[in-house]
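Naming convention: chains lettered A, B, ... in sequence-line order (proteins, then strands); numbering from 1 in each chain. Note that the structure is a prediction, hence the values are computed from the model and not measured. What you see below is based on every heavy atom in this structure, not just the backbone, and it leaves out hydrogens, waters and symmetry mates.
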Amino acid sequence: MRVRMAPSPTGSFHLGSARTALYNYLFARKTGGKFVLRIEDTDQKRFVEGAEREIIDSLDWLGISPDEGPHLKGDFGPYRQTDRMKIYREHAEILLNSAHAFVCFCSPERLSQVREQQQKRKEKPRYDGLCRDLGSDEVAQRKENGERHVVRFKMPEDGSTSALDHLRGEIVTENRYLDDYVLLKSDGMPTYHLAATVDDHLMKITHVFRGAEWLATFPLHVQIIRAFGWDEPIWAHLSVFLKPSGKGKMSKREAAEAIKDGHSIFIKDMGDLGYTPEGVLNWIALMGWGVAEDDVMSLDQMVERFDIDNLTPSPAGINFAKLDHFNGTHIRLLSPEELATRIKPIYIQAGYSVDDSTLMAIIPLIRERLVTLDDCLAFGGFFFKEKVDPVPEELIAKKMDAAGSAEIARKILTILETLPEITHASAEEPLRALVEELSLKPNQVFGILRVAITGQKVSPPLFESMEIIGREKVLERVRNAIGILGNI
RNA sequence: GCCCGGGUAGACGAACUAGGUAAAGUCGCCAGACUUUCAAUCUGGUAUAUGCGGGUUCGAUUCCCGUCCCGGGUACCA
């Protein structure tokens, strides 16, 4: 089995493309086949520099790299369509010779005029067939004269085209609704329709999983393949992604705004936002794939369970809450060592100097609190700081004033100073005794201490944290807090 | 306008493509347990709905007709 992902380098690699790639990858692995990356760069106007690099990088980041592609070896190259121009011209020639295509000299101006008139008459705009039956002599002559021309597919005028989509079944379209689509543009470049069908055949693609936006020209592609007399691949048109509400597609503006909430539909942003490849993969896998149970899956598990019969044709709303869920779940599935190597760069980038033993020590304290990897800053940044800067007001316990809180802090200090070592085991008992003695809520006493030690109201468990921070710094931070409370 | 898809709780999706009890499971949300904050974990709850209206049928998410909504196409873009 051979499958392919054929993006055009015209913009950022997004969720939809990623899922198409994933399904292709899963199918290839499942069947022991090959996953091919082909760059469809025939549209020079929309070409974006660096987009191909981003596609490859995104695939690598996700861990679903292709087996063949422009950056890899392979027996079916070249894998970039602009490097295959000769092939397309030859194949256009074949269709011309078999009368499945014709040369068309109509100017864009004439075509838009025709369209206008058709629309005025409430007809469907389509090519009016002026050049459909030009004699070969005339064609040769006009070409000789240097007239600009394209090659169009000669769509049968009668009958209908039946195409089989694996997810939807038979899709029947009457040929009179189909157009004489352009195959070769006047600049010599092929259109998608020619290039993709030719390449899929030459690259021996057996299954085409592509976006549902191709459904409209699906009959055309089937027609082209039949005109060549080739075997068809199995087709599956994957549903589109909708905005979170499930109503309508996400606009460019909405996509840009998602970033402000820490979300993105672009794979290149995922790492920076603290998402893991495992989480993202699991998330997109389940948009359009009905998995009955145990839906937390590793890539290997997905390969094992993937089945194109379980794919759904209906559109799926993008649900970022679910991404958070899968991300957190996969973070907790990581080994402590693996998690450490992933968050270490985040601390370093934030300017902390990180020693590995402290890092390993805090992993058990923060791992189940992380939704995204960069949450490690919020939950564990204070471990690596020389000193913390509590917000004065936050040091004041509930239902108490600054003086009262300072008083408690002093009592805490006294207790901690008597301890030769501050550990979970040694500190908990005396501090709880203090809570009893003052008849306060644990929350009040520990709250003061928490803010003093960590500089924040929400943190990993207190006693374990103090143990890691060490006696010296703990005492210093408590004294500092007492000072702050005294100045309020 | 026309053509082609899609429409099951707030979201994803089950109910195997011969019409036979519709909503399993996941996320979210709410509550409880645990508790030192936040989580994690466990338990319970939440949502009466097959877009809508007809028809065929003993019986319709499934078949037929009409209609609405969403998406794609209607390009020398992919």
Contact class for [X] vs. all strands (heavy atom < 4.0 Å): base, sugar-phosphate, or nothing?
{"X": "A/Gly288", "value": "sugar-phosphate"}
{"X": "A/Pro460", "value": "base"}
{"X": "A/Arg121", "value": "nothing"}
{"X": "A/Arg46", "value": "base"}
{"X": "A/Asn310", "value": "sugar-phosphate"}

In whole Å, what is the span from the [atom1] atom of [X] to the [atom2] atom of [N]?
{"X": "A/Met297", "N": "B/U26", "atom1": "CE", "atom2": "P", "result": "14 Å"}
{"X": "A/Phe326", "N": "B/U26", "atom1": "CZ", "atom2": "C1'", "result": "7 Å"}
{"X": "A/Leu311", "N": "B/C16", "atom1": "CG", "atom2": "P", "result": "18 Å"}
{"X": "A/Ile284", "N": "B/U26", "atom1": "CD1", "atom2": "P", "result": "22 Å"}

Taking OP1 and OP2 of [N], is either one under 4.0 Å from a side-chain nitrogen or oxygen of [X]?
{"X": "A/Thr454", "N": "B/U37", "answer": "no"}
{"X": "A/Thr312", "N": "B/G13", "answer": "yes"}
{"X": "A/Lys322", "N": "B/U26", "answer": "no"}
{"X": "A/Arg126", "N": "B/C3", "answer": "no"}
{"X": "A/Arg432", "N": "B/U36", "answer": "yes"}

Select one nucleotide: of [options], the one nearest the side-chain heavy atoms of [X].
{"X": "A/Pro442", "options": "B/U36, B/G71, B/C76", "value": "B/U36"}
{"X": "A/Phe463", "options": "B/C3, B/U36, B/U41", "value": "B/U36"}
{"X": "A/His325", "options": "B/A39, B/C27, B/C76", "value": "B/C27"}
{"X": "A/Asn319", "options": "B/C27, B/G1, B/C38", "value": "B/C27"}
{"X": "A/Arg115", "options": "B/U26, B/C76, B/A78", "value": "B/C76"}

Using atom P in both nucleotides, what's the gap between B/A39 and B/C29 to the nearest angstrom?
10 Å
Can you check the distance between B/C65 and B/C4, where both ends of the measurement are the P atom (answer in whole Å)?
13 Å
In this structure, which one of A/Tyr275, A/Phe320, A/Trp289, A/Phe326 forms a ring pair (Phe, Tyr, Trp, His ring centres under 6.0 Å) with A/Trp283?
A/Phe320
Could you tell me which nucleotide pairs with B/G59 by Watson-Crick or G-U wobble geometry, both distances under 3.5 Å, or answer none if nothing does?
none
Looking at every non-hydrogen atom in both residues, tell me the closest pair between A/Pro7 and A/Ile55 and how far apart they are.
CG-CD1, 3.7 Å
Looking only at side-chain N and O atoms, does A/Thr197 offer a donor or acceptor that is under 3.5 Å from a partner on A/Asp200?
no
